[in-house]
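Bear in mind the structure is a predicted one, so any value in this text is a computation, not a measurement.
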Amino acid sequence: MPFIRPFEPRDTEACMHICRATQSPTVAADPVTARMSPYIWCVQFTHLSPQTCFVLVDDTDTDTNTNTDFSSPFKDGKDGKVVGYVIGTPDVHTFAACYPRYIKEVLQSPQGLIDVPPPKQLDTLESWFLSSSEGGKTKEAAAATAAQRLNPVCLAQLAYNPQWLVLSGPEGGPAEARKKEMVETWRAMLHIDLLDEWQGKGWGRKMIERFVEAVRKSGEEYGRGVNLGVAGENKKVVKFYEKVGFRVFEGGEAEGNVWMVRDL
């Protein structure tokens, strides 16, 4: 029977794979941004706050499986394959203070430098999308591509700067003050991803409750509770989050997303 257990370092590759496999169409459309995505929305949480990270494991037929090739990121020779995760931190402010360790140990590792080329500057956040001049060889191709392609430099900046990543909205925009208010009040942050075939089976609710329990027992200052962000391309999941106790926190629409909070 599938089960939830605490994240372990051996799960890192599987979690990275799941993060890439469940990305929005815009992120997944470009191999460069798809490769970068776990370094922005996954690995820093498992690296800096493993005590509040959990994985869903499918152990179906593990005992009778004679295949001993566990090179796949989904396969685990001990207890099955990782098919989902819930990750996060009890306090984004403590998390941000520890972020230099993530940069040093993960982003500046040999593989990290390949997957996320360090941005040349961290003074001004670049545009989320590529400009039309970078999107194609003709005006028509550029216009079509610009609406689809993300700016890898912007993603790299987010990976290297926790202020932009978790603490504030776009600088100077209407979302900036609202996001600061949200993360000051609901200080815990959550991300959850399950492979498609494991969605809609009740595991998401169980994993979120496991995360919530860990936050409550963490001893850290989580304020009123938990916040999360929903990408604009994935608004269909808002109803699911509402069913498990979250509500919309206005402000995220300014950057095309949905912000949600849950009181603990």
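Put simply, V153 and W128 are part of two different groups of oily side chains (I, L, V, M, F, W, Y) that touch within less than 4.5 Å, one to the next.
Minimum interatomic distance between V55 and M207 (heavy atoms only, all atoms of both residues): C-CE, 4.4 Å. Residues L48 and C98 share a closest heavy-atom pair of CD2-O, 3.8 Å. A pairwise comparison of heavy atoms in L130 and P152 identifies CD2-CD, 4.1 Å as the closest pair. A pairwise comparison of heavy atoms in Y85 and I18 identifies CE2-CG2, 3.7 Å as the closest pair. Listed here is the closest heavy atom pair of P38 and C19: CA-SG, 3.7 Å. A pairwise comparison of heavy atoms in M189 and V92 identifies CB-CG1, 3.5 Å as the closest pair.
Without hydrogens or angle criteria, T52 side chain to G88 main chain gives a donor-acceptor distance under 3.5 Å. At least one donor-acceptor pair under 3.5 Å links the side chain of D59 to the backbone N or O of M1. With hydrogens and angles disregarded, no donor-acceptor distance shorter than 3.5 Å links the side chain of S49 to the backbone of F45. In this structure, S168 contributes its side chain and Q163 its backbone to a donor-acceptor pair below 3.5 Å. A distance-only check finds a donor-acceptor pair linking the side chain of S109 to the backbone of G112 [under 3.5 Å]. In this structure, T12 contributes its side chain and P9 its backbone to a donor-acceptor pair below 3.5 Å. Without hydrogens or angle criteria, Q44 side chain to C42 main chain gives a donor-acceptor distance under 3.5 Å. With hydrogens and angles disregarded, no donor-acceptor distance shorter than 3.5 Å links the side chain of N257 to the backbone of G252. Although no hydrogens or angles enter the test, the distance criterion places no donor-acceptor pair under 3.5 Å between the side chain of E8 and the main chain of R10. In this structure, the side chain of Q157 engages the main chain of E126 through a donor-acceptor pair within 3.5 Å.
Looking at V83 and L194, their side chains never come closer than 4.5 Å, going by heavy atoms from C-beta outward. Annotation: side chain of F211 is not in contact with side chain of I192 (no heavy-atom distance under 4.5 Å). Using a 4.5 Å heavy-atom threshold, the side chains of K235 and V258 count as touching. A heavy-atom distance below 4.5 Å is not found between the side chains of H17 and V82. M182 places a side-chain heavy atom less than 4.5 Å from the side chain of W259. Two residues are said to be in side-chain contact when any heavy atoms from C-beta on lie closer than 4.5 Å; L113 and L107 fail this criterion. Y39 places a side-chain heavy atom less than 4.5 Å from the side chain of Q111.
Evaluation of the side-chain hydrogen bond (donor to acceptor under 3.5 Å, both in side chains) rule for Y222 yields no partner, not counting sequence neighbours. For R20, there are no side-chain hydrogen bond (donor to acceptor under 3.5 Å, both in side chains) partners two or more places apart in sequence or in a different chain. By the ring pair (Phe, Tyr, Trp, His ring centres under 6.0 Å) test, Y102 is found to be paired with Y99, residues two or more places apart in sequence or in another chain being considered. Considering only residues two or more places apart in sequence or on other chains, E184 meets the salt bridge (charged side-chain N to carboxylate O under 4.0 Å, His left out) condition with R187. In this structure R210 satisfies the side-chain hydrogen bond (donor to acceptor under 3.5 Å, both in side chains) test with no other residue, sequence neighbours excluded. The side chain to side chain contact (heavy atoms under 4.5 Å, CB included) search around S218 returns P90, E220, not counting sequence neighbours. Considering only residues two or more places apart in sequence or on other chains, R35 meets the salt bridge (charged side-chain N to carboxylate O under 4.0 Å, His left out) condition with D115. By the salt bridge (charged side-chain N to carboxylate O under 4.0 Å, His left out) test, E105 is found to be paired with R101, residues two or more places apart in sequence or in another chain being considered. Scored by the salt bridge (charged side-chain N to carboxylate O under 4.0 Å, His left out) test, E250 finds no partners at all (sequence neighbours excluded). Under the side chain to side chain contact (heavy atoms under 4.5 Å, CB included) criterion, E197 pairs with L195, not counting sequence neighbours. The side-chain hydrogen bond (donor to acceptor under 3.5 Å, both in side chains) search around K217 returns E213, not counting sequence neighbours.
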Q: Test salt bridge (charged side-chain N to carboxylate O under 4.0 Å, His left out) on R262 and E209 and set out the steps.
A: CA-CA 12 Å; R262 173 176 164 176; E209 294 310 315; 2.8 Å; yes
Q | Residue pair W186, D263: steps toward the side chain to side chain donor-acceptor pair (under 3.5 Å) verdict | A | CA-CA 8 Å; W186 293 269; D263 295 333; 2.7 Å; yes
(Q) Does V238 form a side chain to side chain contact (heavy atoms under 4.5 Å, CB included) with M260? I'd like the steps, not just the answer. (A) CA-CA 8 Å; V238 168; M260 305 191 75; 3.9 Å; yes
Q | side chain to side chain contact (heavy atoms under 4.5 Å, CB included) between D58 and W198, worked out | A | CA-CA 10 Å; D58 174 19; W198 289 92; 3.4 Å; yes
(Q) Please evaluate residues L125 and C154 with respect to the criterion side chain to side chain contact (heavy atoms under 4.5 Å, CB included), reporting the C-alpha separation (whole Å), side-chain torsions for both, the decisive distance (0.1 Å), and the verdict. (A) CA-CA 6 Å; L125 183 63; C154 176; 3.9 Å; yes
Q | side chain to side chain contact (heavy atoms under 4.5 Å, CB included) between E233 and T26, worked out | A | CA-CA 8 Å; E233 294 175 280; T26 301; 2.7 Å; yes
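Within the model, atoms CG of L264 and CZ of R224 stand 10.5 Å from one another, a figure rounded to the nearest 0.5 Å. For the atom pair NE2 (H47) and CD1 (I103), the distance works out to 11.0 Å, reported to the nearest 0.5 Å. If you take CG on D11 and CZ on F54, they are separated by 12.0 Å, rounding to the nearest 0.5 Å. Atom CH2 of W41 and atom CD1 of I87 lie 12.0 Å apart (nearest 0.5 Å). To the nearest 0.5 angstrom, T46 atom OG1 is 4.0 Å from F7 atom CZ. The distance from atom CD1 of I4 to atom CG of L56, rounded to the nearest 0.5 Å, is 6.0 Å.
No side-chain N or O of T33 forms a donor-acceptor pair with one of D30 less than 3.5 Å apart.
By the 6.0 Å and 45° rule, R178 stacks over the aromatic ring of F249. The cationic group of K201 does not satisfy the cation-pi geometry with W203, failing either the under 6.0 Å distance to the six-membered ring centre or the 45° limit from the ring axis.
Atom CZ of R205 is surrounded by 12 or fewer heavy atoms from other residues, nucleotides or ligands within 6.0 Å.
Under the ring-ring contact (aromatic ring centres under 6.0 Å, His included) criterion, the residue pairs touching residues 225-245 are Y241-F246, with sequence neighbours excluded.
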